[in-house]
Amino acid sequence: MKPDRVLLWPVLLLLFGSSALALLALTGWQQPTDLHLWQDPWFWQVLRFTFWQALLSALFSVVLALPLARVLALDSGLPGKAAFLRWCLLCFVMPSLILITGLVVMFGHSGWLTPLLTRLFHSGWSLYGLTGILLAHVFLNLPLAVRVLSAQWSSIPSSAWKMAAQLQLTGFRRFLLLEWPALRGVLPALSGFIFLLCFNSFAVVLALGGGPGVSTLEVAIYQALKYQFNPSEALFLAGVQLLLAGGLFWLISRWGKLQWLAAPSGETGWQPSLPGVVRWLGRGYYLLVLLFLTLPTLSLAPAVISRGWARLPWSQLGLASGWSLIFALAASLLALLMALLLAWVAAEPARRGWSKLAELAALHHLVVPGMVLSVGLYIFFMAQINWLDWGWVAVIWLNALVALPFAFSQLKPAVFVYRSSYQKLAASLQLAPWLHWQRVILPSLQPALLRVTGLCLVLTLGDFAIFGIFGQAEHRTLPWLIHELAGAYRLGEAALASLWLLALAFTGLWLLEKKPGRCRAEWGR
Amino acid sequence: MWTGVALLSELNTSPLLYVNNLRLRVGGHDWHHHLQVLPGELVVVMGASGSGKTSLLEALAGFLPIQSGSILIEGQAMEQLPPEQRPISLLFQQQNFFEHLPVIENLQLGFPKARPNAAQWQAVLDACQLLQVEGLLQRLPSELSGGQKQRLALIRTVLRPQPVVLLDEPFSALDDAMRQTAGQWLKQTIKVAGQVALLVSHRQEDADTLADQLLLI
């Protein structure tokens, strides 16, 4: 039997087994599901708010991104464009607790902008509630929309722009004939994807929700399990979450795919120059969005400094960083290895059955939200496993499962290109499996592997939901330390922890956007 | 469709490669092949485009399933062996190098454990010098011209320690002078090493100057 097939069986068993057991728990196999909630007005209020905040977040993110994306694509003289797009990527993958601390420092009860806002809004200003949730969701998702839409605008070929200029099409007609067709294909998928992200949002709503009236399904599941220890209620809510989020994902995946990780495109060909007024309005808007996307993180530094270095919780921070890194590195490595194995099998053209199975194993966790998986497994094994002792295993495994679909999607094209280009050559050269992997395959996949490692690191470093279910206080990670510090109004310390987490996320981003270097003759020797 | 086979050599020893009533089917076409090649012999395979020359090489190398018949190399049946286990070295028309690895590594990968012994490596270096590609070893394949790549791929394919060498249009990107040099080097190397080679070509002079046998299909 081939070595990849030997490894494949246990991986498939673990992946499908985890989902199957979690779903089995949701059917009430061990714990009865509390179906009476269906008639509870509280449940409907939670559901309504979950939809409402996701809808508004998606709408604001996409509508606000549209003019900026156009400016980024068409204003060739715009300063700092590449750096801004890179910052957008970091904002999108940024652990939400960093942002939340930044928003609290700016807009919280004692935030530096709060007095101004209180004077502006006569009815009073509060960050907590729908306002805070929308601010945070737009901060996290507007950058995604900007990247995707500006890439769409840039993809309009210069020949089309030239023809439009030749035909003397201007303004609205050019938009209708040239720009709108490039955008309309991606808008439903983009809006739907952001809606889904906000629908599944946990940390933002938990930290900025501000009360039972502004809770989402994810937060309600967490509260049912952790605060009230009511597994039946958690099972019902997780089942609803699975049905709705899974259905939404299925719907969105039919609308198309988004290339959100693609590097910003380089120099394009000829494009029309924007009229003076439009250009300057665009630049002003660019500046406003830049401020919006940087101020929350920039606000963290003065909060740290005002606290005084000596009074900062260095030992707590060191410990939390250690646990965060251990969990993130272990989960990333697991996700990377599983993604590589599954992508290798999925890219084998001769065995379509295996290929489909591997793809399903890697991607099906996209449909099952992390919270649902966590709750299902927590309850399924509650009687057999003491989660106080073994919760850390679940934290690593479930984080790996959540990162796996993203890792797989990034690796598969590279593996596919490798196999379709070199399968015959490698067979003809009769390379031994170890030699083949070490000397040929790994160097070929190196850029993709680095990118995936970076992506997994950023995703797993920011985990808040899974640790919320399984984590223990003595293994506290950076996001939870930030949450606790901010909850205790120790904003200076929370800001420091947030900045530090941001620095770790930067490392992930650096790997993510690293360009492949020239292959050297010394490689592999 | 039955394809004609011209067997020109005298059979005075046991064949190294014996293709016995091999039947191939590709895209609705049927081809039959029968062939015996002695150690040191070079067979030139000629035929019109689409006549199945490449298919024959791919079937021998194990990349194309056969309908019936047998392939024997040194008396051992090959039909059940995957490409990785056949004692065959194949030069593809395209894609002979891993584009992300420098030429020197690509050449080394042709030898067991990617570690050619001193004599094998010296033979590679000598061939590189003869075919005027000795200064290109540290480069990436993407930095070479089509002709340079073809010469380097030819060197690796022929010098790999395999008894059967299959070459799919190995000179197509070479000028006339280099074609002659490479052809003579190939013929000499095959003869000295006691290998057999099947060479697909469209040019009659390859058959005239190199062929011990001519296979017309």
Side-chain angles (χ1 to χ4, degrees), chain A residues 1-6 340 343-345 347-352 354 411 413-452 514-525, chain B residues 54 57-65 78 81-116 135-143 149 153 156-157 159-168:
Chain A
M1 193 182 265
K2 285 183 175 180
D4 55 351
R5 214 48 54 73
V6 176
L340 186 57
W344 187 258
V345 175
E348 194 165 347
R351 295 169 185 262
R352 284 191 62 78
W354 282 104
L411 264 184
V415 173
F416 186 80
V417 167
Y418 177 83
R419 293 202 78 162
S420 58
S421 306
Y422 298 128
Q423 181 132 314
K424 278 187 179 177
L425 176 60
S428 161
L429 289 174
Q430 300 164 350
L431 302 175
W434 170 243
L435 185 77
H436 189 191
W437 275 94
Q438 185 215 353
R439 295 278 292 264
V440 184
I441 300 172
L442 291 179
S444 162
L445 298 180
Q446 192 201 29
L449 289 172
L450 279 178
R451 209 166 53 237
V452 170
K514 202 164 152 40
K515 299 276 186 295
R518 185 193 183 281
C519 296
R520 293 174 57 81
E522 290 77 25
W523 269 19
R525 273 184 270 152
Chain B
T54 299
L57 298 199
E58 295 224 334
L60 295 177
F63 293 115
L64 193 68
M78 294 289 116
L81 291 181
E84 293 88 346
Q85 290 171 21
R86 297 192 185 194
I88 286 174
S89 181
L90 169 64
L91 179 95
F92 297 97
Q93 269 187 38
Q94 282 164 350
Q95 201 74 62
N96 285 291
F97 289 124
F98 296 106
E99 295 288 325
H100 60 289
L101 298 179
V103 168
I104 188 167
E105 279 215 48
N106 270 293
L107 292 179
Q108 287 166 344
L109 284 170
F111 297 89
K113 297 183 178 173
R115 288 196 202 115
L136 309 175
L137 299 191
Q138 303 299 333
R139 293 201 196 168
L140 286 174
S142 57
E143 296 165 345
K149 270 197 238 186
R156 184 185 66 191
T157 311
L159 293 180
R160 283 182 61 198
Q162 300 293 4
V164 176
V165 175
L166 306 176
L167 304 165
D168 199 352

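Labels below follow one simple rule: chain letters A, B, ... track the order of the sequence lines, proteins then strands, and each chain is numbered from 1. What you see below is based on every heavy atom in this structure, not just the backbone, and it leaves out hydrogens, waters and symmetry mates.
Annotation: side chain of A:Ser428 is in contact with side chain of B:Phe63 (closest heavy-atom distance under 4.5 Å). At a threshold of 4.5 Å between non-hydrogen side-chain atoms, the residues A:His436 and B:Leu109 do not count as touching. Side-chain contact between B:Glu105 and A:Arg439: present, with at least one pair of heavy atoms (C-beta onward) separated by less than 4.5 Å. Using a 4.5 Å heavy-atom threshold, the side chains of A:Leu431 and B:Glu84 count as separate.
With a 4.5 Å cut-off on non-hydrogen atoms, B:Ala114 touches chain A through its backbone and its side chain both. Contacts of A:Ala427 with chain B are made by both backbone and side-chain atoms, with heavy-atom separations under 4.5 Å. Looking at B:Phe111, neither its backbone nor its side chain comes within 4.5 Å of chain A, counting heavy atoms on both sides. Contacts of A:Leu425 with chain B are made by both backbone and side-chain atoms, with heavy-atom separations under 4.5 Å.
Shortest non-hydrogen contact noted between B:His100 and A:Pro443 is CD2-C, 3.6 Å. Nearest heavy-atom pair across A:Lys424 and B:Glu58 is NZ-OE1, 2.8 Å. The two residues A:Tyr422 and B:Glu99 make their nearest non-hydrogen contact at OH-N, 2.7 Å.
Residue B:Gln94 places its CD atom among 12 or fewer non-hydrogen atoms of other residues, nucleotides or ligands, all under 6.0 Å distant.
With rounding to the nearest 0.5 angstrom, the CZ atom of B:Arg160 is 5.0 Å from the CD atom of A:Gln430.
The aromatic rings of B:Phe98 and A:Tyr418 lie parallel to each other, their planes meeting at an angle below 30°, with 60° marking the opposite boundary.
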